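Inspection log for the structure reproduced underneath, given as structure tokens.
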Protein chains: 2
Amino acid sequence: MSQTIEQKCITKGVKLTDQRKIIAKIMSEAQDHPDVDELYNRASKIDPKISIATVYRTVKLFEEAGILAKHDFKGSKARYEELIEDHHDHLIDIKTGEIIEFVDEDIEKLQKKVADKYGYNLVDHRLELYGVKKKS
Amino acid sequence: MSQTIEQKCITKGVKLTDQRKIIAKIMSEAQDHPDVDELYNRASKIDPKISIATVYRTVKLFEEAGILAKHDFKGSKARYEELIEDHHDHLIDIKTGEIIEFVDEDIEKLQKKVADKYGYNLVDHRLELYGVKKKS
DNA sequence: GTAGATGCAAAGTATTTGCGACAAG
DNA sequence: CTTGTCGCAAATACTTTGCATCTAC
């Protein structure tokens, strides 16, 4: 039973204001990886008085609380997505900007092995694939 | 017989000004991954009149010419390194900021396989490992 | 000689912050 | 009630750009 973003806020002791609820809802429902501007646009439709500063403050807060993940893909602004238990990496279509999420256990294992080889414990990683659709 | 950065400029038809020669030299000799500020500092010691704008223009030009690689590691400014034939990825020490370069052919192959699985041709990728040194 | 490069300062982006008003717990 | 949040606008950090001058080829 996975928690909603609002539930995670309560668990982590993050105060739930109206603005944060709006952002929580948008990110919960998002099927994509919106950037701050897009998030601000969507939030403004619900609460036209919300400030972009609040959006920035909230995504940062949520990121630090482990609720959202921030991605700085090449050639675009910072994008956010809800942080779910099962980790995944991203394949980015450089023509369309479409983002495909994938998981590859073998790559994960090899990454640990590489870190190990150099005497490191792997704390985090970033794997992004950039590609173009093959003609079918 | 690998070319120097200056030679690459000539090959690629990039005009060699004094400022560009300075930046080429610094990057050729760099054992690290300097950011623009650091590059500007090192360049200023050779030519105190060089402008930061020129440094920005030059790294961008070199990047587009395939002479330098730009890296946006998490939590730090854009860093540059000379682009060498043999590709490598990076392992970043999150305590010290030290950067270790590594190559893992198996991971490379698996990346291609993943892209392929989703119907993509892999054009580029980014793999960064973030770790802490193990106690020995 | 001429197209392109430089230095400077001003303008852009993306993001953060100080502050008085306001709201959640 | 009191601590923390919000909206606003100003500030910051990094990067780009317009323009007059200068330089590599």
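Here the structure is a predicted model, which means the values were calculated and not measured. Naming convention: chains lettered A, B, ... in sequence-line order (proteins, then strands); numbering from 1 in each chain.
Note on B:Q19: every side-chain N or O is 4.0 Å or more away from OP1 and OP2 of D:dT23.
In this structure, B:I22 atom CD1 and C:dA5 atom C1' are separated by 14 Å, rounded to whole Å. Rounded to whole Å, atom P of C:dT6 lies 14 Å from atom OH of B:Y40. Atoms CG (A:D47) and C1' (D:dC6) sit 10 Å apart, rounded to a whole Å.
Around NZ of B:K21, the count of heavy atoms belonging to other residues, nucleotides or ligands within 6.0 Å exceeds 12. Counting non-hydrogen atoms of neighbouring residues, nucleotides and ligands closer than 6.0 angstrom, the NZ atom of A:K134 exceeds 12 such neighbours.
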Could you pull out every donor-acceptor pair under 3.5 Å between side chains of residues 11-19 of chain B and any protein atom, sequence neighbours left out?
from: B:T11; atom 1: OG1; to: B:Q3; atom 2: OE1; distance (Å): 2.8
from: B:T11; atom 1: OG1; to: B:Q7; atom 2: O; distance (Å): 2.9
from: B:K12; atom 1: NZ; to: B:A65; atom 2: O; distance (Å): 3.1
from: B:T17; atom 1: OG1; to: B:R20; atom 2: N; distance (Å): 3.2

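Screening B:I22, B:L39, B:V59 against B:M27 for a side chain to side chain contact (heavy atoms under 4.5 Å, CB included) leaves a single residue, B:L39.
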Which atom pairs link the protein and nucleotides 10-15 of chain C when you take only N or O atoms and keep those under 3.5 Å?
from: C:dT15; atom 1: OP2; to: A:Y56; atom 2: OH; distance (Å): 2.7

Protein-nucleotides 23-25 of chain C N/O pairs under 3.5 Å:
none

Between protein and nucleotides 18-20 of chain C, what N or O pairs are separated by less than 3.5 Å?
from: C:dG18; atom 1: O6; to: A:R57; atom 2: NH1; distance (Å): 3.4

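A donor-acceptor pair is defined here as one N or O able to donate and one able to accept, closer than 3.5 Å; such a pair exists between the side chain of B:Y130 and the backbone of B:K74.
Not counting sequence neighbours, the partners of B:E81 by the side-chain hydrogen bond (donor to acceptor under 3.5 Å, both in side chains) test are B:H33, B:H71, B:H88, B:H90. For A:N41, there are no side-chain hydrogen bond (donor to acceptor under 3.5 Å, both in side chains) partners at least two apart in sequence or on another chain.
In this structure the side chain of A:R126 reaches within 4.5 angstrom of the side chain of B:R126, judged on heavy atoms.
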